[in-house]
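What follows is a set of notes on a single structure, which appears directly below.
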Amino acid sequence: MSDDIKKQTTSLSEFDNELASLNMRGQWQYDSLLERVIGGPKPAGVPYLWKWETVHEKLLEACDVMPESYTARRNFSFMNPGLERGGTTQTLIMGMQIVRPGEVAWAHRHTIGAVRFVVEGGEQLYTTVNGERLLMEPNDLILTPNWNWHDHHNETDKNAIWVDALDVPLVLALNQIFYEPFGETTQPQRESSADYWSRRGSLVRPAWEQRPEQNFPFRYPWHEVSAQLHEMAGSEGSPYDDIVLEYVNPFTGSSALPTMGCNIQMLRPGFVGKSHRQTSSAVYFVVEGEGTTVVGDEEINWSARDSFVVPNWIPHHHINRSKSREAILFSINDIPVLQGLGLYHEDPENTIRTRPLPPLLA
Ligand SMILES: [Fe+2]
Ligand SMILES: [Fe+2]
């Protein structure tokens, strides 16, 4: 070896050290990392199932150990055992909250966006979001978007329970968390429902007003969603997800929130889905039925009110184990974030909004 070459090989590591002392790093040090990401990212976290029996039991125990709660904190988050930095997926945190009869969870707001899917509710359960009273009946979905004041009220005579999903890991990663208490237990409610933003998300709206874009209070009543889901039960559907409907922003047709997409899907009796993987991650709540979701090498056997997680970029498929009963899954995903950044895709084929609409009659 010539003295020149020897000088070069010994001096590269010295040079790396010298750069490090100056808070710099050569791109050549990432060569081994590049080999690890050929074929895409390693899934963040693992598939996991939280059984309703256990979750429900712990929710009731939480009422014993915490007889009163006014801070919206009698809530468990589902922690993915494969994610060191916390969260249910790398972008989403899903949890379950219980509010006892008569309780109010005090008003506050934050730059974290949230959605709530009601497990046990009623006509006297509601969340006020920016002054709008949103009813929470079983299987309703309500939005508490980024920076909207919200307080929860259980005026029923039973415990109220809902699933919530928040974009905490994403907003934390971006270091964009703001939080503010309202300062009083509850915020004032608008006197007239004619002023509700959510009233502008129906078939007609005031022609003299600007069009809202995003981050407004909204309720998706189950009776309407369920009716449409069942109306479409005879459609072709998706070979991966069967009859899957997106909750949409009623003004723009885009996702329910900019950071979170929500789906309701019916797996018809005996449905066995094709396997695919998506760059997105998703958390699921089983509304009804029994089935299996195969995620990588894991079989997740779910039944009503269970919750489970499908991490990003891991092959998965859904099976309805019943030959006579439908299964219904509610899910939340981070597809809108990835689509906004041009990073969303599926393997082996992109299926979201790719099929032609039903043809018009000639
Ligand atoms: Fe909150
Ligand atoms: Fe999927």
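These figures come from a predicted structure and were not determined experimentally. Counting starts at 1 for both ligands and their atoms, following the listed order.
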Is the Fe ion (ligand 2) less than 2.8 Å from at least one N/O/S atom of Y240? no
What donor-acceptor contacts under 3.5 angstrom involve side-chain atoms of residues 22-36, with partners at least two apart or in another chain?
from, atom 1, to, atom 2, distance (Å)
W28, NE1, D16, OD1, 2.9
Q29, NE2, D16, OD1, 3.4

Between D242 and E236, what is the shortest heavy-atom contact and its length? OD1-O, 4.5 Å
Do the side-chain N and O atoms of H345 and D347 include a donor-acceptor pair separated by under 3.5 angstrom? no
Partners passing ring pair (Phe, Tyr, Trp, His ring centres under 6.0 Å) against F76 (at least two apart in sequence or in another chain): none
Output for pair (S255 OG, I332 CD1), nearest 0.5 Å, gives 13.0 Å
Regarding H276, does it place an N, O or S atom less than 2.8 Å from the Fe ion (ligand 2)? yes
Quick one: the NE2 of H110, the Fe ion (ligand 1), NE2 of H150 angle, rounded to 10°, please. 90°
For the Fe ion (ligand 1), what is the closest N, O or S atom on H108? NE2
In H316, which N, O or S atom comes closest to the Fe ion (ligand 2)? NE2
